[in-house]
Amino acid sequence: MGPFSLTGQPNAMGGREVGGLANQLAAHMDFAPEHVDRVRRFWNAPRMAITEGLKAVQMFEAIERGEIKALWVMATNPVVSLPRAGAAREALAKLDLFVVSENVVASDIVNAGAHVLLPAAAWGEKDGTVTNSERRISRQRAFLPLPGEAQPDWWIVSEVAKRLGFADAFAYRSAADVFREHAALSGFENEGRRDFDIGALAELDEEAFDTFDPVQWPAPAGESARDRRFFASGGFYTVDGRARFIAPDQPALNACNERTVSVCVSTPRAVRDQWHTMTRTGMSPRLGAHISEPFGRSPPRRCANGGSDRRRLRAGDDRLRQRCGENRSERRSATRLALRSDPLE
């Protein structure tokens, strides 16, 4: 991860630090009662959420059931990245209010029927921080001016919050204001009990924020910033300071059961020169040149006739033409399914 990451999510580590998942609060806290109480007091927020939210798939299922009436999509494209993308698109049509923050005028998510389109800053126009996989926080400085009415996400959220009556809580003037509050929360009642602590950065002024060198956390208040290796001498973040080993259950298919469906189609990240949903690589002719058409794979038992077979996709009229053969590079039998937009007769 880092500023030149090709994964499509170069600040995943930083997103978790600020509570960017449905089962997290900010600063690596969760929904344990003491954590909820701590964040409530820090933010003076009497109406704090006290339970986990819905993760992306469950959220769209709730929209489909009519349990969620309004949605604001920011920095993601669920009609491309979610499973059952067609069902996700249909669910969006049921919303009473569908808001999208986007840096282009047309995309899959915008074209899904957004009621309100907010002009967001793109990556090279944003100012803030990113965190790489070794816990090192680096400054990200904009190298392009904001075009037209585009604004960074923190500014857009703050302006909406002010119009909803929360001006005092969202009186940020810069990305540095947001960062200082983030750093202060990480150190609030920490005392070495939580791993994420950048309290030493909570008092940075604008100039110091703009020029500070990359810092590895933890960086508690009152200590000089230094690189440190976690758990080299023990001291895990548990009640007794000892590590916990967890034996996970054997992974199993969730929704795809052969008793109810005959063919299961998934979209793994298996294309050699592409990554993620091809958000950063899909426009390169060179990276797309090594395959002539989209394809799928199925196990050998799906290819019992030793030649070609046809199957109808359950959700539409497109068909798959199967070509059976051996994938020598993987040294196991496989089936390549050439995707066709016109029905095969």
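Along the sequence shown, residues carry numbers from 1.
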Residue list, side chain to side chain donor-acceptor pair (under 3.5 Å) with [X], at least two apart or on another chain:
{"X": "Arg180", "value": "Asp177, Glu206"}
{"X": "Arg47", "value": "none"}
{"X": "Glu207", "value": "none"}
{"X": "Asp127", "value": "Arg139"}

Rounded to the nearest 0.5 Å, how far does [atom2] of [Y] lie from [atom1] of [X]?
{"X": "Thr129", "Y": "His182", "atom1": "OG1", "atom2": "NE2", "result": "6.5 Å"}
{"X": "Leu146", "Y": "Gln151", "atom1": "CG", "atom2": "CD", "result": "5.5 Å"}
{"X": "Thr211", "Y": "Leu204", "atom1": "OG1", "atom2": "CG", "result": "8.5 Å"}
{"X": "Met74", "Y": "Asp153", "atom1": "CE", "atom2": "CG", "result": "4.5 Å"}
{"X": "Glu67", "Y": "Glu64", "atom1": "CD", "atom2": "CD", "result": "10.5 Å"}
{"X": "Glu52", "Y": "Asn23", "atom1": "CD", "atom2": "CG", "result": "4.5 Å"}

- request: Determine, stepwise, if the pair Gln24 / Met29 fulfils side-chain contact (heavy atoms from CB on, under 4.5 Å).
  value: CA-CA 6 Å; Gln24 287 185 322; Met29 286 183 273; over 6 Å; no
Heavy-atom donor-acceptor pair, [X] side chain to [Y] backbone, under 3.5 Å:
{"X": "Asn44", "Y": "Arg40", "answer": "no"}
{"X": "Ser138", "Y": "Pro214", "answer": "no"}
{"X": "Arg194", "Y": "Gly192", "answer": "no"}

[X] versus [Y], closest heavy-atom pair with distance:
{"X": "Leu95", "Y": "Ile68", "result": "CD2-O, 3.6 Å"}
{"X": "Ala183", "Y": "Leu201", "result": "CB-C, 3.9 Å"}
{"X": "Arg228", "Y": "Pro220", "result": "NH2-CD, 4.0 Å"}
{"X": "Ala27", "Y": "Ser186", "result": "CB-CA, 3.8 Å"}
{"X": "Ser81", "Y": "Thr76", "result": "OG-OG1, 4.4 Å"}

I'd like to know whether [atom1] of [X] has more than 12 heavy-atom contacts from other residues, nucleotides or ligands below 6.0 angstrom.
{"X": "Leu164", "atom1": "CG", "value": "yes"}
{"X": "Glu149", "atom1": "CD", "value": "no"}
{"X": "Arg286", "atom1": "CZ", "value": "no"}
{"X": "Arg242", "atom1": "CZ", "value": "no"}

query: Does the pair Tyr172 and Val157 meet the rule for a side-chain contact (heavy atoms from CB on, under 4.5 Å), with working shown?
result: CA-CA 10 Å; Tyr172 307 115; Val157 171; over 6 Å; no
field: Which residues share a side chain to side chain contact (heavy atoms under 4.5 Å, CB included) with Thr51, sequence neighbours left out
entry: none
field: With sequence neighbours excluded, residues passing side chain to side chain contact (heavy atoms under 4.5 Å, CB included) with Glu90
entry: none
field: Those residues that, when tested against Asp30, pass salt bridge (Lys or Arg N to Asp or Glu O under 4.0 Å) (two or more places apart)
entry: none
- line: With sequence neighbours left out, the residues meeting salt bridge (Lys or Arg N to Asp or Glu O under 4.0 Å) with Arg41 are Asp37, Glu189
field: Salt-bridge present (Asp195, Arg135; N to O < 4.0 Å)
entry: no
Salt bridge present between Asp197 and Arg193 (N-O < 4.0 angstrom): no
- line: Quick note, side-chain hydrogen bond (donor to acceptor under 3.5 Å, both in side chains) partners involving residues 157-169, not counting sequence neighbours, are Glu159-Lys162, Glu159-Arg163
query: Does any donor atom in the side chain of Glu17 or Thr131 lie under 3.5 Å from an acceptor atom in the other side chain?
result: yes
field: Working for side-chain contact (heavy atoms from CB on, under 4.5 Å), residues Val57 and Leu82
entry: CA-CA 7 Å; Val57 172; Leu82 283 182; 4.1 Å; yes
query: Is there any ring-ring contact (aromatic ring centres under 6.0 Å, His included) pair reaching into residues 137-167, and which pairs are they, with sequence neighbours excluded?
result: Trp123-Phe143
task: With sequence neighbours excluded, give me every ring-ring contact (aromatic ring centres under 6.0 Å, His included) pair touching residues 15-56.
output: His28-Phe196, His28-Trp217, Phe42-Phe188
Should [X] and [Y] be counted in the same cluster of Ile, Leu, Val, Met, Phe, Trp and Tyr side chains packed under 4.5 Å apart?
{"X": "Val215", "Y": "Phe230", "result": "yes"}
{"X": "Val18", "Y": "Val39", "result": "no"}
{"X": "Tyr237", "Y": "Met13", "result": "yes"}
{"X": "Phe170", "Y": "Leu185", "result": "no"}
{"X": "Ile156", "Y": "Val178", "result": "yes"}

field: Geometric class of the Phe209/Phe179 ring pair [parallel <30°, tilted 30-60°, perpendicular >60°]
entry: tilted
- prompt: Would a 4.5 Å heavy-atom cut-off, applied to side chains only, mark Val79 and Leu92 as touching?
  reply: yes
- prompt: Should Val99 and Leu97 be marked as a side-chain contact (heavy atoms from CB on, under 4.5 Å) after you check the CA-CA gap, both sets of side-chain angles, and the distance that decides it?
  reply: CA-CA 6 Å; Val99 181; Leu97 177 62; 3.8 Å; yes
Identify each donor-acceptor pair in which a side-chain atom of residues 104-120 lies under 3.5 Å from a protein atom, sequence neighbours left out, and give them as a table.
residue: Ser107; atom: OG; partner: Glu102; partner atom: OE2; Å: 3.0
residue: Ser107; atom: OG; partner: Val110; partner atom: N; Å: 3.4
residue: Asp108; atom: OD2; partner: Asn77; partner atom: ND2; Å: 3.4
residue: Asn111; atom: ND2; partner: Ser107; partner atom: O; Å: 3.2
residue: His115; atom: ND1; partner: Phe98; partner atom: N; Å: 2.9

